[in-house]
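This report refers to the structure that appears directly beneath it.
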Amino acid sequence: SPQIVRVLPNSPAAAVGIKQADVLLSVGSRQISDYADAANAFFYLIPGQPVRVKLLRGVDQLEFTLTPAKPQEK
């Protein structure tokens, strides 16, 4: 499963406590086994609609509810 390499400050992930080096296990009903799974799972999220995210931190499995934000305008 892919490891999180960066959590942007003030992002929905930072707000719920997701940390760098956490390992992504699932996003909603999608099991994550590689980077492509993760990219697909996040691509289909709907801004403002909460989703459950399961992570592995060391030996502990954690579950968060993440509410995706709309992409920032550049």
Side-chain angles (χ1 to χ4, degrees):
S1 292
Q3 189 174 54
I4 294 171
V5 294
R6 185 169 58 137
V7 177
L8 296 175
N10 305 316
S11 67
V16 297
I18 294 174
K19 298 181 186 302
Q20 182 176 329
D22 287 346
V23 175
L24 196 55
L25 300 176
S26 68
V27 176
S29 61
R30 293 171 180 264
Q31 298 299 309
I32 307 298
S33 60
D34 58 25
Y35 176 80
D37 288 343
N40 285 336
F42 284 106
F43 179 80
Y44 288 107
L45 294 182
I46 299 166
Q49 186 170 26
V51 65
R52 301 294 287 170
V53 176
K54 288 185 185 173
L55 301 168
L56 192 64
R57 181 176 296 160
V59 295
D60 298 321
Q61 189 168 316
L62 307 174
E63 197 166 315
F64 297 92
T65 298
L66 185 67
T67 303
K70 289 185 177 162
Q72 304 264 330
E73 294 293 323
K74 302 229 178 216

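One-based numbering along the sequence shown.
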Look only at the side chain of Asp22 and the backbone of Ile18, and say whether a donor-acceptor pair between them is shorter than 3.5 Å.
no
Taking the side chain from Glu63 and the backbone from Lys54, do they hold a donor-acceptor pair closer than 3.5 Å?
no
Using side-chain heavy atoms (C-beta onward) and a distance below 4.5 Å, is Ile32 in contact with Phe42?
no
To the nearest 0.5 Å, how far apart are [atom1] in [X] and [atom2] in [Y]?
X     : Y     : atom1 : atom2 : value
Gln31 : Leu24 : CD    : CG    : 10.0 Å
Ser26 : Asp37 : OG    : CG    : 11.0 Å
Thr67 : Ile46 : OG1   : CD1   : 12.0 Å

Is the number of heavy atoms from other residues, nucleotides or ligands within 6.0 Å of CG (Asn10) greater than 12?
no
Any chain of hydrophobic side-chain contacts (each under 4.5 Å) joining Leu25 to Leu66?
no
Determine, using the 4.5 Å side-chain heavy-atom cutoff (strictly less than), whether Leu56 and Val53 are members of one ILVMFWY cluster.
no
Which atom pair, heavy atoms only, marks the closest approach of [X] to [Y]?
X     : Y     : value
Ala41 : Val27 : CB-CB, 3.8 Å
Val16 : Thr65 : CG1-O, 3.3 Å
Pro2  : Ser33 : CD-C, 4.1 Å
Pro47 : Lys70 : CB-CG, 3.6 Å

Evaluate the criterion side-chain contact (heavy atoms from CB on, under 4.5 Å) for residue pair Ile4 and Leu55; output intermediate values, then yes/no.
CA-CA 10 Å; Ile4 294 171; Leu55 301 168; 3.9 Å; yes
